[in-house]
Amino acid sequence: MTNLWAVNSLGKVYTLSTNEDHWVEIKSEVDFKKVATHEFFTWAISGDHQIYIYVPTRDIPIRYRVVTYENERWNPFGGFSDKLLPTDRPHWSSADGLVSLPQENFHLPSNSWEWEEEWYVEDNLDGQPLEPEGWTYATDFPVSYNPNKTWNSCVRRRKWIRYRRFCATNKWSLIPSIHEDPVQEPFIDVAVGGTEIPGGESNKFTVWAVTIMGRSSMSKKILVVLNCKRGSIKAQLTRIKDFINNPDEKDKIKLESKMDTLKSLRIKLSDIRNEYYEVVTNESDLEPLELEILDLEDDCEDIQVRIKNIISKIDLKNNDVTSCGNSFNNIKLPDIQLPRFNGSYHDWFNFKEQFISLIDSNNSLTNSQKLYYLKSTLTGIAKDVITIDDSYTSLFECLKKRFENKKLIINSHFNEILSLEKFTHESAKNLRTLIDCCQNI
């Protein structure tokens with residue numbers, strides 16, 4: 001069924017259905033100058049140059065979902081709580097943790113909406129059922145979450161959902177004006193459509209409105225789209241920086257793939273700059289946007305230089321391994337001091353890795369020699385560990401059972417963080433102290 005809409009000289013709105021043979025008046029207490037329709041909505045400008053919307057009742061209601069995430073961190077003294085670290089996301093936040101979203105800050109946009117129900121917790125994670133409380137777990141913010149709690153689950157979050165329903169159907173509803181006083185800048189035209197615009201989506205319609213000063217509200221919407229694109233590129237650059245800062249991620253193929261991504265991002269930045277020039281006409285508004293684009297382009301160039309340097313070092317190392325292997329055998333290198341272990345849970349993993357690399361993996365040593373070296377490295381309470389038999393394998397296994405207690409190791413890490421002096425003010429020095437402490441763990 002298709003409807004034709006019209007306005008007569010008295011400002012009354014009528015509609016004619018293809019299934020009917022007469023016009024039907026859409027009752028209203030105000031008169032209208034113009035209407036613009038879509039399949040499900042009708043927009044109109046009234047005699048006092050304000051914009052109204054008419055939404056007919058349909059079988060499927062108009063609903064809007066709002067979402068917020070509740071975040072908690074595990075504390076060795078009380079379990080999970082809302083007492084987060086200074087660098088963590090807010091207790092209530094968006095999915096990415098960048099925006100604080102307490103439940104009490106969600107309000108209905110107008111009297112045309114009503115809440116369907118109270119807040120409730122989502123009961124699944126990508127189709128996987130969750131426990132009744134709806135928590136998902138991770139090692140830290142922000143990483144991937146899973147429904148199961150494990151020994152290294154240091155943070156958790158759950159998704160809260162609430163729906164609002166549009167209730168002002170079968171009547172004209174006033175749309176707020178640009179200014180508090182609508183007379184200050186009245187509207188003179190309205191239209192629906194225009195999906196084929198920069199940044200537009202084919203499955204979404206757009207409402208255009210023009211004021212008496214010739215301003216179009218649509219330009220602001222395009223600007224929002226462009227800002228989102230720019231923000232997406234900035235996020236991608238941050239992820240690439242994190243990738244190359246990770247000492248474990250030095251795979252040449254992955255690095256070359258990141259180089260290709262950076263080339264693509266620079267092309268996208270150029271396209272966004274051109275679209276900004278088409279949309280933003282005021283030079284004072286354009287200048288900060290241009291500076292933002294330049295900063296992102298500089299970031300791209302810096303990251304590309306860093307990746308090229310890393311790739312060059314990888315190539316140089318691969319080329320030198322064979323040619324220098326034999327010559328190294330004839331060079332007298334300084335003696336390597338064996339690591340010492342005094343029974344500190346905090347130092348166990350470092351000691352274990354070094355000892356395995358230097359002694360345990362050396363096939364030229366007998367078990368008796370390895371036992372001698374292992375005993376020589378132990379001090380303090382580690383030296384008092386008792387074994388079933390006086391053998392290398394038995395002693396090493398006893399040390400692992402005694403000091404490879406992951407729960408106690410995590411507790412020691414938390415105690416080290418919690419023992420930091422409380423920050424009384426924001427400063428680069430305090431932030432560096434916290435970062436150094438976390439990196440040393």
Side-chain angles (χ1 to χ4, degrees), residues 66-106 119-122 124-126 128 130-131 133-162 228 231-232 234-249 299 345-346 349 406-441:
V66 294
V67 173
T68 185
Y69 288 83
E70 182 181 6
N71 306 296
E72 291 188 349
R73 178 175 284 278
W74 186 81
N75 187 299
F77 303 107
F80 283 101
S81 73
D82 58 2
K83 295 180 179 179
L84 305 170
L85 296 177
T87 54
D88 281 340
R89 57 188 57 193
H91 180 211
W92 296 91
S93 74
S94 56
D96 58 12
L98 300 179
V99 182
S100 176
L101 295 176
Q103 288 183 339
E104 60 270 17
N105 285 8
F106 287 87
W119 290 94
Y120 68 90
V121 176
E122 188 170 61
N124 71 90
L125 176 65
D126 299 328
Q128 301 181 64
L130 300 174
E131 296 295 328
E133 292 186 344
W135 291 107
T136 59
Y137 300 88
T139 55
D140 199 2
F141 302 119
V143 294
S144 58
Y145 297 84
N146 62 79
N148 302 316
K149 180 182 176 182
T150 59
W151 67 269
N152 61 345
S153 297
C154 297
V155 298
R156 69 179 184 179
R157 75 173 185 181
R158 56 181 172 179
K159 184 178 181 180
W160 289 84
I161 301 172
R162 197 179 190 187
C228 289
S232 175
K234 188 173 183 179
Q236 285 181 270
L237 290 176
T238 301
R239 288 194 292 270
I240 296 176
K241 286 180 182 178
D242 293 339
F243 173 84
I244 62 177
N245 288 334
N246 186 348
D248 298 328
E249 295 288 0
D299 281 347
Y345 290 99
H346 185 276
F349 279 110
K406 295 179 179 179
K407 185 175 181 180
L408 292 177
I409 292 172
I410 292 173
N411 284 344
S412 69
H413 290 332
F414 270 106
N415 289 333
E416 187 171 350
I417 295 175
L418 296 175
S419 64
L420 289 174
E421 184 178 351
K422 186 176 182 181
F423 298 165
T424 58
H425 62 279
E426 295 182 358
S427 71
K429 180 180 178 182
N430 289 338
L431 183 58
R432 172 49 58 188
T433 300
L434 177 61
I435 293 173
D436 290 343
C437 175
C438 293
Q439 288 179 340
N440 289 332
I441 292 176

If you take all heavy atoms of [X] and [Y], which pair is closest and at what distance?
| X | Y | result |
| --- | --- | --- |
| R89 | A95 | NH1-O, 3.3 Å |
| G97 | P90 | O-CD, 3.5 Å |
| D96 | L98 | OD1-N, 3.0 Å |
| A138 | S144 | CB-O, 3.5 Å |

Discussion item. Assess the residue pair V67 and W119 against the criterion (side-chain contact (heavy atoms from CB on, under 4.5 Å)); give the C-alpha distance rounded to whole Å, side-chain angles, the decisive distance to 0.1 Å, and a yes or no.
Written reply: CA-CA 9 Å; V67 173; W119 290 94; over 6 Å; no

Worksheet item: Partners of E122 by salt bridge (Lys or Arg N to Asp or Glu O under 4.0 Å), sequence neighbours excluded?
Response: K159

Worksheet item: Between the main-chain N or O of L84 and the side-chain N or O of D88, is there a donor-acceptor pair closer than 3.5 Å?
Response: no

Item to complete: Determine, for D140 against R73, whether the closest basic-nitrogen to carboxylate-oxygen distance falls under 4.0 angstrom.
Response: yes

Discussion item. Salt bridge check, K234 against D299: does any charged N sit closer than 4.0 Å to a carboxylate O?
Written reply: no

Measuring only between side-chain heavy atoms, which start at C-beta, is [X] closer than 4.5 Å to [Y]?
| X | Y | value |
| --- | --- | --- |
| S94 | L101 | yes |
| Y137 | F80 | yes |
| E72 | S81 | no |
| Q103 | T68 | yes |

Discussion item. Do T136 and N146 pair up side chain to side chain, a donor and an acceptor below 3.5 Å, judged on atom types alone?
Written reply: no

Worksheet item: Going by atom types only, do E70 and W160 share a side-chain donor-acceptor pair under 3.5 Å?
Response: yes

Kindly compute the distance separating [atom1] ([X]) from [atom2] ([Y]), expressed to the nearest 0.5 Å.
| X | Y | atom1 | atom2 | result |
| --- | --- | --- | --- | --- |
| K149 | R156 | NZ | CZ | 7.0 Å |
| T139 | Y145 | OG1 | OH | 9.0 Å |
| W92 | N71 | CH2 | CG | 9.0 Å |

Worksheet item: Should the pair R157 and Y69 be classed as cation-pi, given the thresholds of under 6.0 Å to the six-membered ring centre and 45° from the axis?
Response: yes

Worksheet item: In this structure, are over 12 heavy atoms from other groups packed under 6.0 Å from D126 atom CG?
Response: no

